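Data first, discussion second: the structure below is written as structure tokens.
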Amino acid sequence: MSESKSILVGIDGSEYSPAALRLAGRLASALGAPLNVVTCLGYSDFYLPERVPPGGDLDTPAELEAIARRLMEQAIERAFGQERPEHLSAVVKVGSPAKVLVDESRNAQLLVVGRRGRGGLLGQLMGSVSAACTAHAHCPVVVVSQEAGEDHGTNP
């Protein structure tokens with residue numbers, strides 16, 4: 001593998017995560033670049049609390065990180081199955097997803113994110129994180145819709 005900058009993919013455990021991972025994996029393979037998967041643990045995250053077991057009390061940040069890591073691993077499994085890209089790294093970062101991904105984009109040649117939009121204010125086409133990344137990232141950004149990911153199956 002060359003010393004090229006990585007392909008960075010931000011995932012959140014939503015239904016868009018596998019599609020973004022599959023595309024990022026294909027691009028990393030084609031470019032001979034490492035694939036860096038980042039999920040963010042922000043305390044205002046809406047996906048995390050719905051996956052806490054009923055009656056489950058979370059006492060420590062380590063427990064929250066373990067849930068985030070489990071969701072990230074599940075998304076990677078759905079995207080790649082047993083055929084994970086060779087140079088894949090995965091990390092949980094603490095902080096606002098948009099800020100973390102923009103900061104991490106300084107060391108990437110491309111940032112890939114999923115599109116959650118179509119809800120909220122005026123039926124936005126992109127979610128707030130993908131919109132912030134396209135506006136502020138230090139590298140090009142690809143925003144992946146679920147529909148695009150479904151057309152490509154489960155292989156990278």
Side-chain angles (χ1 to χ4, degrees), residues 1-48 51 61-62 64-118 120 124-156:
M1 168 122 340
S2 68
E3 299 238 355
S4 63
K5 286 186 169 185
S6 68
I7 302 299
L8 174 65
V9 57
I11 64 168
D12 63 0
S14 73
E15 68 274 14
Y16 298 106
S17 295
L21 280 162
R22 283 189 293 270
L23 178 60
R26 285 193 305 273
L27 292 169
S29 177
L31 296 170
L35 177 61
N36 293 339
V37 181
V38 174
T39 194
C40 299
L41 182 56
Y43 293 106
S44 63
D45 190 338
F46 292 109
Y47 280 95
L48 195 56
R51 289 178 173 84
L64 291 172
E65 185 176 342
I67 292 170
R69 184 163 302 284
R70 186 185 81 237
L71 294 174
M72 179 176 57
E73 288 298 326
Q74 288 172 350
I76 292 169
E77 177 69 27
R78 284 193 317 267
F80 301 117
Q82 299 301 313
E83 301 296 321
R84 287 184 178 206
E86 184 178 350
H87 297 283
L88 181 146
S89 66
V91 65
V92 175
K93 299 270 185 168
V94 176
S96 159
K99 182 178 182 334
V100 168
L101 292 172
V102 168
D103 288 347
E104 292 290 317
S105 74
R106 291 180 191 277
N107 300 314
Q109 62 178 307
L110 183 70
L111 169 59
V112 179
V113 292
R115 176 193 58 80
R116 279 194 12 216
R118 287 266 185 209
Q124 295 174 332
L125 293 177
M126 284 193 295
S128 59
V129 173
S130 53
C133 288
T134 58
H136 302 289
H138 301 278
C139 64
V141 177
V142 174
V143 180
V144 180
S145 70
Q146 179 66 25
E147 295 80 23
E150 290 173 348
D151 292 342
H152 300 293
T154 58
N155 294 324

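In what follows, every heavy atom counts, from backbone to side chain, and hydrogens, waters and symmetry copies are set aside. Everything numeric here is computed off the predicted structure, so don't read it as measured data.
Looking only at side-chain heavy atoms (C-beta outward), Thr39 and Leu71 stay at 4.5 Å or farther from each other.
The nearest pair of heavy atoms linking Pro18 to Ala79 is O-CB, 3.7 Å. Closest heavy-atom contact between Leu111 and Gly10: CD1-N, 4.3 Å. Gly114 and Ala20 get closest at one heavy-atom pair: N-CB, 4.0 Å. Here the closest non-hydrogen pair linking Ala24 and Leu35 is CB-CD1, 3.6 Å. Looking at every heavy atom in both residues, Pro85 comes nearest to Gly25 through CG-CA, 4.4 Å. Heavy-atom minimum distance, Val102 versus Ser105: O-OG, 2.6 Å.
Taking Arg106 as the reference, nothing meets the salt bridge (Lys or Arg N to Asp or Glu O under 4.0 Å) condition, with sequence neighbours excluded. Residues passing the side-chain hydrogen bond (donor to acceptor under 3.5 Å, both in side chains) test with Ser96, sequence neighbours excluded: none. Residues passing the side chain to side chain contact (heavy atoms under 4.5 Å, CB included) test with Ala75, sequence neighbours excluded: Ile11, Ser17, Leu21, Arg78. Under the rule for a side chain to side chain contact (heavy atoms under 4.5 Å, CB included), the partners of Gln109 that lie at least two apart in sequence or sit in another chain are Ser4, Lys5, Ile7, Leu31, Ala33. Glu77 meets the salt bridge (Lys or Arg N to Asp or Glu O under 4.0 Å) test with no other residue; sequence neighbours excluded. Qualifying side-chain hydrogen bond (donor to acceptor under 3.5 Å, both in side chains) partners for Ser29, counting only residues two or more places apart in sequence or in other chains: none. Scored by the side-chain hydrogen bond (donor to acceptor under 3.5 Å, both in side chains) test, Asp103 finds Lys99 as partners (sequence neighbours excluded). Legend: residues meeting side-chain hydrogen bond (donor to acceptor under 3.5 Å, both in side chains) with Arg69, ordered by chain and number and at least two apart, are absent.
Atom SG in Cys139 sits 6.0 Å away from atom CG in Leu110 (nearest 0.5 Å).
Checking side-chain atoms of Ser6 against main-chain N and O of Pro34 turns up no donor-acceptor pair under 3.5 Å.
Shown are Val142, Asp12, Leu101, Val9; of these, the side-chain contact (heavy atoms from CB on, under 4.5 Å) with Val113 is made only by Leu101. Results of the side-chain contact (heavy atoms from CB on, under 4.5 Å) test with Val92 over Val37, Val38, Leu41 single out Leu41 as the only residue that passes.
A salt bridge links Glu73 with Arg84: the closest approach of a Lys/Arg side-chain nitrogen to an acidic carboxylate oxygen falls below 4.0 angstrom.
For residues 27-38, no pair satisfies salt bridge (Lys or Arg N to Asp or Glu O under 4.0 Å), with sequence neighbours left out. Contacts classified as salt bridge (Lys or Arg N to Asp or Glu O under 4.0 Å) and involving residues 86-98 (residues at least two apart or in different chains) are given here: Lys93-Glu104.
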